[in-house]
Amino acid sequence: MSKNTIEENQRRHQLDDDEQVWLFGYGSLIYLVDFPYLESRPASIRGWSRRFWQGSHDHRGTEENPGRVVTLIEDKDAVCGGLAFLIEAPVFRQLDVREKNGYLRVTTEMTFDDDSHATGLTYIATPDNEAYLGAASEYQIARHISRAAGPSGPNDEYLLELANALRSLGLHDQHVFDIESHLLRMTR
Ligand code: SIN
(Lines give C-alpha, C1' and ligand atoms only; values in the text may rest on other atoms or scores of the structure.)
Protein backbone atom coordinates (compact mmCIF):
# COMPACT_ATOMS: atom_id res chain seq x y z
CA MET A 1 0.00 0.00 0.00
CA SER A 2 1.33 3.45 -0.83
CA LYS A 3 1.94 6.00 1.91
CA ASN A 4 1.95 9.77 1.35
CA THR A 5 4.44 11.56 3.64
CA ILE A 6 4.32 15.09 2.16
CA GLU A 7 2.40 16.70 5.04
CA GLU A 8 4.34 14.90 7.74
CA ASN A 9 7.66 16.01 6.28
CA GLN A 10 6.55 19.62 6.08
CA ARG A 11 5.34 19.49 9.71
CA ARG A 12 8.48 17.80 11.05
CA HIS A 13 11.05 20.23 9.64
CA GLN A 14 9.90 23.77 9.33
CA LEU A 15 12.77 25.40 7.50
CA ASP A 16 13.18 29.08 6.74
CA ASP A 17 13.20 29.85 3.03
CA ASP A 18 16.66 31.42 3.23
CA GLU A 19 18.26 28.40 4.96
CA GLN A 20 20.79 26.21 3.16
CA VAL A 21 20.73 22.54 4.11
CA TRP A 22 22.93 19.53 3.27
CA LEU A 23 20.92 16.64 1.84
CA PHE A 24 22.49 13.16 1.84
CA GLY A 25 21.39 11.12 -1.21
CA TYR A 26 21.99 7.38 -1.48
CA GLY A 27 19.51 6.13 -4.10
CA SER A 28 17.95 7.80 -7.11
CA LEU A 29 19.00 11.17 -5.71
CA ILE A 30 22.56 10.23 -6.69
CA TYR A 31 21.88 9.64 -10.37
CA LEU A 32 18.71 11.59 -11.15
CA VAL A 33 19.53 15.10 -10.05
CA ASP A 34 16.50 17.01 -11.30
CA PHE A 35 16.62 19.64 -8.54
CA PRO A 36 18.75 22.76 -8.11
CA TYR A 37 21.70 22.63 -5.72
CA LEU A 38 24.55 24.92 -4.73
CA GLU A 39 27.27 22.30 -4.25
CA SER A 40 27.60 18.51 -4.29
CA ARG A 41 30.20 16.36 -2.53
CA PRO A 42 30.80 12.63 -2.01
CA ALA A 43 29.79 11.81 1.55
CA SER A 44 28.93 8.92 3.85
CA ILE A 45 26.80 8.28 6.89
CA ARG A 46 27.48 5.78 9.66
CA GLY A 47 25.00 3.33 11.16
CA TRP A 48 22.94 2.65 8.05
CA SER A 49 22.92 0.15 5.16
CA ARG A 50 21.33 0.71 1.76
CA ARG A 51 18.70 -1.97 0.99
CA PHE A 52 16.16 -2.56 -1.80
CA TRP A 53 13.43 -3.08 0.78
CA GLN A 54 11.07 -0.18 0.10
CA GLY A 55 8.08 -0.50 -2.25
CA SER A 56 7.63 1.96 -5.10
CA HIS A 57 3.98 2.40 -6.05
CA ASP A 58 4.44 5.78 -7.72
CA HIS A 59 7.75 5.74 -9.64
CA ARG A 60 9.06 2.26 -10.47
CA GLY A 61 5.88 0.26 -9.94
CA THR A 62 2.16 0.67 -9.52
CA GLU A 63 -0.35 0.31 -6.69
CA GLU A 64 -1.05 -3.28 -7.87
CA ASN A 65 2.55 -4.21 -8.70
CA PRO A 66 4.95 -2.10 -6.65
CA GLY A 67 8.61 -1.98 -7.62
CA ARG A 68 11.53 -2.12 -5.20
CA VAL A 69 13.71 0.90 -4.40
CA VAL A 70 16.32 1.60 -1.75
CA THR A 71 15.93 2.81 1.77
CA LEU A 72 18.34 2.87 4.72
CA ILE A 73 18.20 0.20 7.40
CA GLU A 74 19.76 0.71 10.83
CA ASP A 75 23.04 -1.22 10.97
CA LYS A 76 25.30 -0.15 13.81
CA ASP A 77 28.78 -0.38 12.28
CA ALA A 78 27.89 0.04 8.61
CA VAL A 79 28.92 3.03 6.53
CA CYS A 80 26.75 4.03 3.58
CA GLY A 81 28.38 6.08 0.83
CA GLY A 82 26.49 8.52 -1.33
CA LEU A 83 26.41 12.08 -2.54
CA ALA A 84 25.57 15.17 -0.49
CA PHE A 85 23.92 18.24 -2.00
CA LEU A 86 23.80 21.69 -0.46
CA ILE A 87 20.32 22.96 -1.28
CA GLU A 88 18.14 25.94 -0.50
CA ALA A 89 15.29 25.04 1.84
CA PRO A 90 12.45 25.72 -0.66
CA VAL A 91 13.82 22.85 -2.83
CA PHE A 92 12.46 20.44 -0.18
CA ARG A 93 8.93 21.22 -1.41
CA GLN A 94 9.79 19.56 -4.71
CA LEU A 95 11.79 16.75 -3.10
CA ASP A 96 9.01 15.94 -0.63
CA VAL A 97 6.73 15.26 -3.61
CA ARG A 98 9.32 13.10 -5.33
CA GLU A 99 10.05 11.11 -2.12
CA LYS A 100 6.45 11.03 -0.91
CA ASN A 101 5.92 7.27 -0.87
CA GLY A 102 6.96 6.45 2.68
CA TYR A 103 10.15 8.53 3.03
CA LEU A 104 10.58 10.87 5.98
CA ARG A 105 13.27 13.49 6.31
CA VAL A 106 15.66 12.46 9.09
CA THR A 107 18.48 14.52 10.56
CA THR A 108 21.86 12.91 10.05
CA GLU A 109 25.53 13.59 10.51
CA MET A 110 27.50 13.15 7.28
CA THR A 111 31.23 12.87 6.62
CA PHE A 112 32.71 14.32 3.44
CA ASP A 113 35.66 12.85 1.54
CA ASP A 114 38.10 15.24 3.27
CA ASP A 115 36.86 13.96 6.69
CA SER A 116 35.00 17.15 7.52
CA HIS A 117 31.44 16.79 8.85
CA ALA A 118 28.07 18.44 8.49
CA THR A 119 24.62 17.89 9.90
CA GLY A 120 21.90 17.62 7.32
CA LEU A 121 18.87 15.65 6.23
CA THR A 122 18.29 12.38 4.40
CA TYR A 123 15.09 10.66 3.26
CA ILE A 124 14.50 7.32 5.00
CA ALA A 125 11.55 4.96 4.62
CA THR A 126 11.36 3.10 7.95
CA PRO A 127 10.03 -0.46 8.34
CA ASP A 128 6.75 0.81 9.83
CA ASN A 129 5.64 2.67 6.69
CA GLU A 130 2.80 1.10 4.68
CA ALA A 131 4.80 0.98 1.46
CA TYR A 132 7.64 -1.06 3.03
CA LEU A 133 8.22 -4.49 1.46
CA GLY A 134 11.05 -5.72 3.67
CA ALA A 135 13.89 -8.18 3.28
CA ALA A 136 14.23 -10.79 0.55
CA SER A 137 17.24 -12.53 -0.98
CA GLU A 138 19.22 -10.63 -3.59
CA TYR A 139 18.01 -13.18 -6.18
CA GLN A 140 14.35 -12.65 -5.25
CA ILE A 141 14.82 -8.89 -5.32
CA ALA A 142 16.35 -9.11 -8.80
CA ARG A 143 13.39 -11.18 -10.04
CA HIS A 144 10.96 -8.70 -8.54
CA ILE A 145 12.81 -5.75 -10.11
CA SER A 146 12.96 -7.43 -13.53
CA ARG A 147 9.15 -7.52 -13.63
CA ALA A 148 8.19 -4.11 -12.28
CA ALA A 149 7.68 -0.78 -14.03
CA GLY A 150 5.90 2.46 -13.19
CA PRO A 151 5.38 6.05 -14.31
CA SER A 152 9.10 6.90 -13.93
CA GLY A 153 10.18 3.88 -16.00
CA PRO A 154 11.23 0.27 -15.53
CA ASN A 155 12.46 -0.80 -12.12
CA ASP A 156 15.62 -2.34 -13.59
CA GLU A 157 16.65 1.09 -14.88
CA TYR A 158 16.64 2.37 -11.25
CA LEU A 159 18.87 -0.54 -10.17
CA LEU A 160 21.31 -0.30 -13.10
CA GLU A 161 21.62 3.48 -12.93
CA LEU A 162 22.24 3.33 -9.19
CA ALA A 163 24.88 0.61 -9.56
CA ASN A 164 26.65 2.64 -12.27
CA ALA A 165 26.50 5.82 -10.21
CA LEU A 166 28.01 4.02 -7.20
CA ARG A 167 30.82 2.67 -9.37
CA SER A 168 31.57 6.11 -10.77
CA LEU A 169 31.80 7.44 -7.21
CA GLY A 170 34.24 4.61 -6.40
CA LEU A 171 31.76 3.07 -3.95
CA HIS A 172 31.25 -0.64 -3.38
CA ASP A 173 27.86 -1.92 -2.22
CA GLN A 174 27.68 -5.72 -2.20
CA HIS A 175 23.87 -5.81 -1.85
CA VAL A 176 23.33 -3.56 -4.88
CA PHE A 177 26.01 -5.25 -7.00
CA ASP A 178 24.71 -8.76 -6.19
CA ILE A 179 21.19 -7.79 -7.25
CA GLU A 180 22.62 -6.25 -10.41
CA SER A 181 24.55 -9.47 -11.24
CA HIS A 182 21.43 -11.62 -10.75
CA LEU A 183 19.37 -9.27 -12.90
CA LEU A 184 21.91 -9.19 -15.72
CA ARG A 185 22.07 -13.00 -15.70
CA MET A 186 18.27 -13.20 -15.92
CA THR A 187 17.93 -10.79 -18.79
CA ARG A 188 20.75 -12.07 -21.00
C1 SIN B 1 17.74 8.82 -1.98
O2 SIN B 1 18.05 8.67 -3.16
O3 SIN B 1 18.51 9.39 -1.18
C4 SIN B 1 16.39 8.41 -1.47
C5 SIN B 1 15.79 7.24 -2.14
C6 SIN B 1 15.50 7.42 -3.59
O7 SIN B 1 14.94 8.46 -4.00
O8 SIN B 1 15.80 6.52 -4.38
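Only a predicted model underlies this, so the values are computations on that prediction, with no experimental measurement involved. One-based numbering, in listed order, for ligands and for the atoms of each.
Contacts between Arg98 and ligand 1, counted as non-hydrogen atom pairs separated by less than 4.0 Å, are absent for every part of the residue.
Applying the side chain to side chain donor-acceptor pair (under 3.5 Å) rule to pairs touching residues 19-33 yields Ser28-Arg98, sequence neighbours excluded.
Of the protein's non-hydrogen atoms, the one nearest atom 3 (O) of ligand 1 is Tyr26 N, 3.0 Å.
Checking Gln54 against Asn129 by side-chain atom types alone, a donor-acceptor pair falls below 3.5 Å. Side-chain contact annotation: Ser2 with Glu63, donor-acceptor N/O pair under 3.5 Å present.
The shortest N or O to N or O distance between Leu29 and ligand 1 is under 3.5 Å. For ligand 1, one of its N or O atoms has an N or O atom of Glu99 under 3.5 Å away. For a threshold of 3.5 Å applied to N or O pairs, the pair formed by Tyr123 and ligand 1 contains no separation below that value.
For the pair Asp17 and Arg93, the salt-bridge criterion is met [side-chain N within less than 4.0 Å of a carboxylate O]. In summary, Glu157 and Arg60 engage in a salt bridge, as defined by a charged side-chain N under 4.0 Å from a carboxylate O.
Atoms of ligand 1 lying under 4.0 Å from any heavy atom of Gly25, numbered from 1 in the order shown and given with element: 3 (O). Numbered from 1 in the order shown, with element, the atoms of ligand 1 that lie under 4.0 Å from a heavy atom of Ser28 read 2 (O), 6 (C), 7 (O), 8 (O). Applying the 4.0 Å criterion to heavy atoms of Gly27 picks out, from ligand 1, the atoms 1 (C), 2 (O), 3 (O), 8 (O). Atoms of ligand 1 found under 4.0 Å from any heavy atom of Tyr158, numbered from 1 in the order shown, are 6 (C), 8 (O).
One hydrophobic cluster, built from ILVMFWY side chains closer than 4.5 Å, cannot hold both Tyr103 and Leu133; they sit in different ones.
Here the side chains of Ile124 and Thr71 are in contact, with some heavy-atom distance below 4.5 Å.
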